[in-house]
Participant: 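Supplied in structure tokens, the structure appears directly below.
Whatever order the structure lists them in is the order used to number ligands and atoms, beginning at 1.
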Amino acid sequence: MQYISTRGQAPRLGFEDVTLAGLAADGGLYVPESWPSFSSADIAAMRGLSYADTAVAVMKPFVAGALDESELRALCETAYGRFSHAAVVPLTQLDHRQWLMELFHGPTLAFKDVALQLLGLLFERFLAKRDTHITVIGATSGDTGSAAIDALAGRAKVDIFMLHPKGRVSEVQRRQMTTVLAPNVHNIAIEGSFDDAQALVKAMFADADFASRFNLSAVNSINWARLMAQVVYYFYAAVRLGAPDRPVAFSVPTGNFGDVFAGYVAAKMGLPVARLIVATNVNDILHRALSAGDYSVGTVTPTAAPSMDIQVSSNFERLLFDMHGRDGAALAASMKGFESSKRLDIPQAMRAEAAALFTSSRIDADRMQLAMRWAHDRANEIIDPHSAIGLAAAQDSDLDPAVPIVTLATAHPAKFGDAVERATGVRPTLPARIGGLFERQERYAVLPAEIGAIENFVAETAAAAD
Ligand SMILES: *Cc1c(COP(=O)(O)O)cnc(C)c1O
């Protein structure tokens, strides 16, 4: 399988290079040159498969040329063997048509584990064959950092530097990162905001000498391999609810548009997806884009679902690429306009095809709390604020009642204990395997929000490791 950039200028690459590169050299995102296609018989053959075996069946065409089937199977068994539920992503029935898919049984209780656990193994495997060492640099406001650190801790030929805003992540979130004492993990608390941390990361990537000297790499959701790993659970859930004979809808709490784009890929591959509901909070750029063609940046309002508090959804570019008829030059021109004016109008004709699959819904704080209470009082389930936004959008949908709707539950409720307690009166408890967090030793550096200080720290740390 070969991959092309959404902006049409970067070289075509195979799966291994795309995984290690992250972003394309022309500023675009990599997508497969064509979508693999599964017949009804191929999908029916997934009935009864374990999660790891489903993952092999779904991902095999995407990794062709880089991994053979037995190598892929070994990686999937290791990655998904670290989940605490035997089904990996179990389905829970809430009422006659509403279902939850629990994506939070990984090591850090975030759905990001599903993709990052595999990505960590892919990095190690591809680097083993090369004489290269890479330096992963990221900024986090909480959840992504711990999932990335867990995935890369102790892996050969990789160091990870994770920047978080000092004092502005919860204590659980900080400890999930800083108590990982593997020698290749380096946490940095920045004296500044999350935006400062993100700007510092961007500045390091933009410093060409520094970026090439340390082989900088990113593990954020623009990495194709992460999206690929997320396509798997759409197949896994739909097959359990009757696919390929019965279509299934999904409601997806959305921020960067990675998770729901994976659902779009599943539909492109032949999975009968009746609808993809893009559930947003009041930070509703995607709802405006999909319902009215208005993709314009507003200001971010902090909410109880912080992983969805975004201004720009980086993965939306991948859908825009298809909306532009996969014309990289045309999309590059649109994105250039968007980057300077902070707005992009998507004409009705361009949206028509996507509109047949996607709907969107903007869920405010009251509606979100109502969904949390409904789940608790009526279905005996405690759900987190992100999942509640998905559930509310699923309940408000006008879909044919014969179609089951699966809401993606993206975080364990105990990660957002205060918000859950406010809505339901119940305080969720952290699972035992996360317990002990408050007794463990922490290690992190505190640095000013200055590019020179961060680059020096990276250089000294790298030299000490040699
Ligand atoms: C990252 C995240 C999301 C948003 O997923 P995207 O792929 O960025 O759309 C939703 N919920 C939680 C809990 C997350 O961590």
Side-chain angles (χ1 to χ4, degrees), residues 29 89 100-117 119 138-151 169-170 172-173 176-177 194 198 218-234 250-266 276-281 283-287 289-290 300 303-319 358 360-361 363 368 371-372 383-393 407-417 419-420 428:
L29 309 183
V89 295
L100 280 183
M101 175 158 52
E102 297 177 3
L103 299 175
F104 52 71
H105 293 281
T108 75
L109 310 180
F111 97 94
K112 293 184 171 69
D113 288 327
V114 180
L116 282 166
Q117 285 293 321
L119 187 66
T140 184
S141 54
D143 277 6
T144 310
S146 53
I149 285 171
D150 190 278
V169 301
S170 76
V172 170
Q173 286 176 323
Q176 277 191 302
M177 297 191 280
F194 171 64
Q198 206 160 29
V219 291
N220 51 17
S221 71
I222 51 132
N223 192 302
W224 165 258
R226 271 182 72 173
L227 289 190
M228 172 192 76
Q230 293 173 255
V231 177
V232 174
Y233 47 70
Y234 287 89
F250 293 89
S251 180
V252 187
T254 297
N256 254 326
F257 206 74
D259 209 2
V260 74
F261 188 80
Y264 170 81
V265 174
L276 292 170
I277 302 168
V278 176
T280 76
N281 60 22
N283 297 295
D284 63 351
I285 178 170
L286 286 170
H287 172 57
L290 290 165
V300 172
T303 73
S307 298
M308 297 159 69
D309 293 346
I310 49 95
Q311 294 209 47
V312 177
S313 290
S314 32
N315 279 297
F316 194 58
E317 177 165 339
R318 289 186 158 110
L319 182 64
F358 290 99
S360 61
S361 195
I363 303 297
M368 183 271 286
M372 259 202 255
I383 60 175
D384 98 288
H386 304 79
S387 310
I389 286 170
L391 177 61
T407 294
L408 274 51
T410 50
H412 191 288
K415 289 198 96 167
F416 299 93
V420 172

Participant: Consider only side-chain N and O atoms of N281 and T303, and report whether a donor and an acceptor are under 3.5 Å apart.
Facilitator: yes
Participant: As an exercise, state the distance from CD1 of I149 to OG1 of T144, rounded to the nearest 0.5 Å.
Facilitator: 10.5 Å
Participant: Quiz question: by atom type and distance under 3.5 Å, do the side chains of N315 and N256 form a donor-acceptor pair?
Facilitator: no
Participant: Holding to ring-ring contact (aromatic ring centres under 6.0 Å, His included), I want the full list of residues that pass it with F111, two or more places apart in sequence or in another chain.
Facilitator: none
Participant: Do we see a donor-acceptor contact under 3.5 Å between the side chains of Q176 and D143?
Facilitator: no
Participant: Just list the N/O pairs, ligand 1 to protein, that are under 3.5 Å apart, with the distance for each.
Facilitator:
unit_1, atom_1, unit_2, atom_2, d
ligand 1, 7 (O), G258, N, 3.3
ligand 1, 7 (O), D259, N, 2.9
ligand 1, 8 (O), N256, N, 2.7
ligand 1, 9 (O), G255, N, 2.8
ligand 1, 9 (O), N256, N, 3.2
ligand 1, 9 (O), F257, N, 3.1
ligand 1, 11 (N), T410, OG1, 2.9
ligand 1, 15 (O), K112, NZ, 2.5
ligand 1, 15 (O), S307, OG, 3.3

Participant: In terms of side-chain heavy atoms, does R226 have a donor or acceptor partner in N223 at a distance below 3.5 Å?
Facilitator: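 Their side chains do not contain a donor-acceptor pair, so the 3.5 Å distance test is not met.
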